[in-house]
Every structure is written in C-alpha cells, then in structure tokens.
> 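Got a structure for you, written out below as structure tokens; questions coming shortly.
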Amino acid sequence: MGTSSFTVLNLLSMEFSQADDLKLRCVGGRKGLSKTIETPDLNRPGLALAGFYEDFAWNRIQIIGNGEFAYLTMLTKENRLNELQKLFEFEIPCFIFTYNHVPDQTFIKMAEQVHCPILITELSSPDFVSRVSRVLATVFAPKTTIHGVLMEVYGIGILITGDSGVGKSETALELIERGHRLVADDVVEIRSVSGNYLMGSGANKVIGHHMEIRGLGIINITHLFGVRAIRDKKQVQLICNLEEWNAEKVYDRLGVDEESIEILGIKIPKLDIPVKPGRNIPIIIETAAMNERLKKMGYNSAQEFNKNILRWLESESARAVYFNDQE
Amino acid sequence: MIEQTITITNRAGIHARPAAMIVQTANKYKSRIFLEKDSAKINAKSIMGIITLGAGFNSSIKIIAEGDDESEAVQAIAQLFENKFEEE
C-alpha cells in the first residue's frame, strides 16, 4: 500500500465491482507475479509471434486473443516452439489469454523458466481490453493525497479542507446526520481522470469509512449510520476551505468572482468559509452545494442578481431624464 | 524546514495507539508537521492519515516540520519512535 509500483500480483488481486471484474487467474510463472507493470498500454503480440520483433512493445501486458492463440497452437503442433524462444528473451511483464484459452504445457514451461506470469480470463478480448484499460487508466492516473474530508452533498462532491482542529470532521458528521454521504475522512486520495476531472476516494480500504472525532475517538460511520451514509468514490466538484474567523481578512461577500484552486492541473472552484461560534457551517456547505448545482444548470445567483441591479439602475436613470425635463 | 528520517523499532508498527500519541504530540506545536513514507506524505496532526501510511516494523519514515518551533517538534516526535511508544 502506498508504494508507487504496480505489480502483476496487484492486478490479479484487485477487488472489483461486478461490472469491472477482470476474472483473472494465474496458471503459470507465479514467481514472476512481483514483476512491475510499467505502462497502462496493452499489446497484441501477433507480429512478434510471427517473428517480427522490430518496435516490439515488450514492456506492455501482452494479450493473446483468438488469432494469436490459434497461431500459438499451430506452432506447438508443428513443434516450432524454438521460434518462441526469442519472445521469452524479453522482460515481458505478463501474458493474458482471453476466452479462457489455456496455453500448451510447453509454453507454460518456457514462461516458468523466465518467471513470466501467465494469466487467463474468461472474458472475450474486446471486453477484457476495455475493462483492463479502464482499470489501468485509474491505476496510472496522476494522484495526490489531500488532508480533508470528501462528502457528497446533494449530489455535489465537496472537499472540506482546513487546518487541523478547525472542525472538518465535526462538520462532516453533522452533514451525515442531515442525510449526506461520506466518501473519505482525513486522507483523501485524488486522481485525475484522463485530465478531465478529479475523482476522490479513501486512501486505504482498511480505514474505510471511519472517522476520528475529538472527544469520541474513532467511530465507524457505516455501522452507525448505515449504507445510506457512505460512498466509495466521488468526483471532486467544489472545495470548501474552513478557516478560523480572521477579522483582518476580506471574505467574499458577493460570490460574483469565483476563486479556484488547481489540483493535478485541474481547476476546482474554492470557497473560503470562516468559522466562528454561531455560524452553522453544515448549512452553509449545503447551501454552497445547492448553489453549485444551480450554476451547473446555468443559473449563477450572484451574477443574475447583479444583472438585475444593473438593469434596474439603467431604467431608473432613463426615467430620471423625463423627470428632470418636467421640472 | 527540518527533516529527520527514523526507523520504526516497535514490533507492532504504527497502529492506532502510536498514531494517537504522534497526533497528540504534533498538536502541541504550531509548525506544520508531516510524515513521509515512500511516496505518501501526510499531515502528522491527523490520526487516520498516520494509520494510512501503513508503517510496519522496520520501515523508515521521514519527519518533516516547518514553522517557528520546527526543531522542537521533530525532536519530540522522534523521541516517541525512540521510546518505541512506551510499548516494549
């Protein structure tokens, strides 16, 4: 956990929801399971099997589909396995056979010798390729961890940040009580998904949906509030930064100009929310979430308000001309 | 900014109790304090963060502090590790 390298074993032992299950099992070369997968790209080694090794993308996961498998079977039948020897001279991270094709024993033996893992999936090639690409894209996405609480409030992913002791967890607890969902407390892992948006989740499955509340200790949100109170991951759409009320600081009073913060190269709108006794932060955050939804639907309260004022002032001054004339 | 790398010498590693001790100590100081293991860097004032590091026996951790009382903070936290969190 927390290490930067992603091994074949990591891929094999990943936990998936039904729709993403890769249905992988290992049939040989187990000693090579610690090999690192260095790129999210895949390769179909058709040309390499046929003996053409120029520009061979050996450092990728090699997918053996129907065509490649048929060619392999032919090679074994005609006892031309020595042609394969060159393939195993490369440090290939692993072979994955689709359609539940089981390679010939001699092939497995060759792989065992160089510690190259052989995995099998029951999925079809196109299905497997699309699933594994999705999985690898997430694994290899640029990521960072942020100290804060990620909540889903009215469908908007809100990251609550702020110094230690400012009341992030307490705010989150109140939001949960009000029917919103906790994604992660304290350590939020954030990934950039294809450079388009940020996906936040808990950094560690073991910690899951636990929270630390000063005075209470560690509590289990899933057990206390049930499944309605939790979520595994959520897009980060808004950042609410809580800070101690600072009399000298100028806080945004209009909301016409939007402040934003850049995480992994993606801009996220940010609100600075001052905390002081008597200010109900959870309600402010709920309102911020609704306001953000309104903006997404094309209505910016602050801007519309200002537009109306401008229109009103204009009409007032237009009228003033007539009144001035009469006098 | 001050950094110090230490090795975890208590058998059980950093579980909930040692994590709480680190947080309590870190909160006595005004400096921003971080713990770094492999590529993960977390705030030393957060219990969950410290547990997430998954720091087991013999793993090494870098203590980083930044602020007015940085040297005292690093020293106090390093002391906890040296004392094996009063466990052994």
Side-chain angles (χ1 to χ4, degrees), chain A residues 1-7 10 36 139-150 160-170 172-173 182-191 200-221 242-244 264, chain B residues 5-8 12-70 72-74 76-77 80 85:
Chain A
M1 277 294 169
T3 46
S4 44
S5 61
F6 182 75
T7 62
N10 288 138
T36 314
V139 170
F140 285 89
K143 64 175 176 179
T144 178
T145 49
I146 287 188
H147 181 58
V149 189
L150 181 60
I160 306 170
T161 58
D163 285 337
S164 159
V166 79
K168 295 183 295 291
S169 296
E170 287 77 4
L173 195 59
L182 173 75
V183 183
D185 178 42
D186 238 16
V187 194
V188 184
E189 190 169 278
I190 293 179
R191 290 166 195 270
S201 61
N204 192 325
K205 273 252 154 59
V206 180
I207 287 178
H209 295 96
H210 286 80
M211 272 179 107
E212 187 233 339
I213 302 285
R214 279 176 189 72
L216 280 185
I218 292 172
I219 55 172
N220 185 333
I221 298 299
L242 307 187
E243 51 187 33
E244 299 280 354
L264 299 170
Chain B
T5 307
I6 42 93
T7 309
I8 292 165
I14 300 190
H15 54 101
R17 201 174 296 277
M21 289 172 76
I22 295 172
V23 170
Q24 276 162 4
T25 310
N27 267 310
K28 288 182 196 155
Y29 299 92
K30 282 208 173 118
S31 300
R32 288 159 58 77
I33 309 169
F34 297 95
L35 298 185
E36 195 177 83
K37 179 179 173 266
D38 301 327
S39 58
K41 182 178 172 184
I42 54 88
N43 192 325
K45 295 179 180 174
S46 133
I47 286 202
M48 290 303 181
I50 292 174
I51 297 174
T52 314
L53 282 180
F57 180 57
N58 257 343
S59 52
S60 67
I61 282 189
K62 198 195 277 176
I63 311 168
I64 305 162
E66 210 177 335
D68 295 339
D69 46 10
E70 52 187 30
E72 292 94 326
V74 170
I77 292 175
L80 286 176
F85 303 98

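Chain identifiers are assigned alphabetically (A, B, ...) following the order of the sequence lines, protein sequences preceding nucleic acid strands; residue numbering begins at 1 within each chain.
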> Give the minimum heavy-atom separation between Lys45(B) and Arg214(A), together with the two atoms involved.
O-NH2, 4.3 Å
> For the CG atom on Asp69(B), are there more than 12 heavy atoms of other groups (residues, nucleotides or ligands in this structure) within a distance under 6.0 Å?
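Correct, the count exceeds 12.
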> Please identify each residue that fulfils salt bridge (charged side-chain N to carboxylate O under 4.0 Å, His left out) with Lys41(B), with sequence neighbours left out.
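Testing Lys41(B) for salt bridge (charged side-chain N to carboxylate O under 4.0 Å, His left out), a comparison that skips the adjacent residues, returns none.
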> Measuring from Ser164(A):OG to Asn43(B):CG, what's the distance to the nearest 0.5 Å?
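The OG atom of Ser164(A) sits 6.0 Å away from the CG atom of Asn43(B).
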> Could you tell me whether Arg17(B) atom CZ has more than 12 heavy atoms of other residues or ligands within 6.0 Å of it?
no
> I need the Asp185(A) CG to Ile47(B) CD1 distance, nearest 0.5 Å.
10.5 Å
> Which atoms form the tightest heavy-atom contact between Asp186(A) and Gly49(B), and what is the distance?
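Closest heavy-atom pair between Asp186(A) and Gly49(B): OD2-N, 3.8 Å.
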> Go through the atoms of Ile218(A) and report whether side chain, backbone, both or neither lie under 4.5 Å from a heavy atom of chain B.
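The answer is the side chain of Ile218(A).
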